[in-house]
Amino acid sequence: MVPGGDLGSLAAVVAAVTACMAYARFAARRLRPGLPRLAALLPVLAVLPLPPLAFRALHPRAISAFFLAWVAEFRLLLLASGQGPLRPSLPLPAFAAVATLPVTLRDPSATAAARRPGLGLAESAAMAALLAAIVSLYRHEERMPRYALLALYSVHVYLALELVLAAAAAAARATMGLDLEPQFDRPYLSASLRDFWGRRWNLSVPALLRQCVFRPVRARLGAPAGVLAAFAVSGLMHEVVFSYLTLRPPTGEAAAFFALHGVCAVAEGWWAARRRWPRPPRALATPLTLAFVGVTGFWLFFPPITRPGADKQVIAESEAMVAFLRGAAGRAVGSARSVLYGRS
């Protein structure tokens with residue numbers, strides 16, 4: 001839900017982004033990949049980080065920062081070099097959606113068995129209900145142990161991200177007929193950090209980092225350096241998004257979180273290459289992986305958000321959103337009953 005004061009900002013942001021995408025598509029259609037196309041796209045790259053600042057509410061500001069200051073910037077850089085999913089031949093609505101939304105076009109050559117199913121209606125409803133239940137628990141936050149509250153935050157982040165990205169993909173699919181990959185693949189089943197970050201969590205981001213960072217660095221310095229570079233860039237971009245979220249300078253903690261995970265992912269790869277060395281069974285590897293992500297998240301990922309009190313604003317906005325949806329649902333049920341009883 002966008003607060004009333006931000007509705008005008010939303011319209012202005014949509015108009016500005018549409019104009020930027022129209023210009024980017026026009027320039028890409030007329031210039032070959034390389035420096036001329038990059039030079040033509042520089043004004044758009046300079047403008048896109050600004051629109052999220054128009055929002056006063058935290059949720060639309062942080063979400064639009066992820067879409068515009070990260071996803072769109074990286075995809076336009078790929079477009080400048082003639083790579084990535086953006087094609088100037090796409091119609092403008094599809095071009096804008098693929099440029100700005102964290103969605104991945106499905107490979108048309110993929111077999112039916114290789115296609116991962118998206119989030120179904122029943123799963124979405126269950127996740128939304130669980131998220132609403134978590135939000136309702138926040139009224140007791142003062143009596144909760146700190147780590148219990150951070151554990152709730154972790155589940156909240158996962159559910160909110162999965163639902164928001166699934167909604168963005170569903171809107172793009174319904175309005176433009178785009179065949180899209182789901183953005184999560186049950187991260188709670190991850191058996192390693194490489195599995196978690198590379199194959200299960202927010203998959204549009206590793207796809208971007210793979211093209212923009214990992215492959216160029218790997219070609220020059222090898223795969224371990226490519227992994228470390230990808231995690232380093234991810235950490236820097238999380239610092240950027242956190243600055244939009246808190247409206248404070250970066251602290252370096254998110255960068256340290258991803259640097260640590262990058263080092264551990266490289267160590268995992270080194271260990272996995274020793275085929276004769278023992279590996280924990282999946283029943284043990286999965287809880288160990290999730291515990292490592294959780295503990296390091298409590299240590300480094302969440303403090304930049306909780307320290308300035310941004311989590312309190314997240315809770316307040318989430319409670320307002322749940323109350324609004326419950327009220328809307330109650331009014332819809334009441335209207336339906338009135339219609340039914342009126343007919344009888």
Side-chain angles (χ1 to χ4, degrees), residues 1 52 57-67 69-71 101-102 119 123-124 126-138 141 144-169 182-190 193 195-206 231 234-235 237-246 250-251 253-258 260-261 289-322:
M1 182 179 67
L58 187 148
H59 280 85
R61 188 170 67 242
I63 292 169
S64 62
F66 172 48
F67 288 3
W70 186 347
V71 173
L101 297 179
L119 199 62
E123 290 176 291
S124 300
M127 286 186 171
L130 180 56
L131 181 58
I134 289 173
V135 170
S136 68
L137 289 175
Y138 288 145
E141 62 174 309
M144 286 186 189
R146 173 173 171 77
Y147 288 108
L149 184 60
L150 290 176
L152 283 181
Y153 286 172
S154 301
V155 181
H156 183 150
V157 167
Y158 163 59
L159 293 173
L161 271 177
E162 175 120 44
L163 289 169
V164 166
L165 299 187
Q183 292 307 299
F184 286 84
D185 187 11
R186 298 170 296 176
Y188 45 84
L189 298 181
S190 301
L193 288 177
D195 188 27
F196 182 88
W197 293 116
R199 294 184 285 271
R200 293 185 180 275
W201 181 268
N202 197 4
L203 297 177
S204 61
V205 169
F231 273 92
S234 180
M237 295 312 300
H238 276 84
E239 293 283 354
V240 170
V241 173
F242 281 12
S243 290
Y244 278 99
L245 195 151
T246 62
T251 66
E253 288 160 295
F257 172 84
F258 283 97
L260 173 62
H261 280 240
T289 299
L290 298 181
F292 182 81
V293 173
V295 169
T296 55
F298 297 168
W299 173 34
L300 292 169
F301 190 85
F302 285 111
I305 301 172
T306 59
R307 192 180 300 120
D311 58 318
K312 306 299 183 186
Q313 187 177 350
V314 170
I315 291 172
E317 290 181 9
S318 299
E319 289 175 339
M321 190 180 305
V322 169

**Prompt:** Once you round to the nearest 0.5 Å, how far does NE2 of His59 lie from CD of Gln313?
**Reply:** 9.0 Å
**Request:** Measure from the side-chain N and O atoms of Glu317 to the backbone N and O of Ala57, and report whether any donor-acceptor pair falls under 3.5 Å.
**Result:** no
**Request:** Working to the nearest 0.5 Å, report the span between CZ of Phe231 and CZ of Phe258.
**Result:** 8.0 Å
**Item:** Tyr158 vs Met127 side-chain heavy atoms within contact, under 4.5 Å
**Value:** yes
**Request:** State, yes or no, whether a side-chain contact exists between Leu159 and Leu130 at a heavy-atom distance under 4.5 Å.
**Result:** yes
**Request:** Determine the minimum heavy-atom distance between Leu245 and Ala310, stating which atoms define it.
**Result:** CD2-CB, 3.5 Å
**Message:** Please give me the minimum heavy-atom distance between Leu101 and Ala168, naming the atom from each residue.
**Reply:** CD1-O, 4.0 Å
**Message:** Measuring only between side-chain heavy atoms, which start at C-beta, is Leu203 closer than 4.5 Å to Phe184?
**Reply:** no
**Asked** Mind checking what makes side-chain contact (heavy atoms from CB on, under 4.5 Å) contact with Leu137, not counting sequence neighbours?
**Response** Met144, Leu152
**Message:** Donor-acceptor pair, distance only, cut-off 3.5 Å: does the side chain of Glu239 make one with the backbone of Glu253?
**Reply:** yes
Please tabulate, for side-chain N and O atoms in residues 294-306, each donor-acceptor pair with protein atoms closer than 3.5 Å (sequence neighbours left out).
unit_1 : atom_1 : unit_2 : atom_2 : d
Thr296 : OG1    : His261 : NE2    : 2.8
Thr296 : OG1    : Phe292 : O      : 2.6
Thr296 : OG1    : Val293 : O      : 3.2
Thr306 : OG1    : Phe302 : O      : 3.3

**Asked** Is the distance between the ring centroids of Tyr138 and His156 under 6.0 Å?
**Response** yes
**Request:** Could you grab the distance from atom CG of Leu189 to atom CG of Leu290, nearest 0.5 Å is fine?
**Result:** 8.5 Å
**Asked** Going by heavy atoms in the side chains, are Trp70 and Ser234 under 4.5 Å from each other?
**Response** yes
**Complete:** All heavy atoms of Tyr153 vs all of Glu141, minimum pair found to be OH-OE1, 4.3 Å
**Test item: Arg307 and Thr251 side chains (from C-beta on) under 4.5 Å apart, heavy atoms** = yes
**Message:** Between Asp185 and Arg199, is there a side-chain heavy-atom distance shorter than 4.5 Å?
**Reply:** no
**Prompt:** Given side chains that start at C-beta, do those of Leu165 and Phe66 come closer than 4.5 Å, heavy atoms only?
**Reply:** yes
**Item:** Point-to-point distance, once rounded to the nearest 0.5 Å, from CG of Leu161 to CD1 of Ile63
**Value:** 8.0 Å
**Request:** Would you name the heavy atoms of Ser190 and Arg200 that are closest together and state the gap between them?
**Result:** OG-CD, 3.2 Å
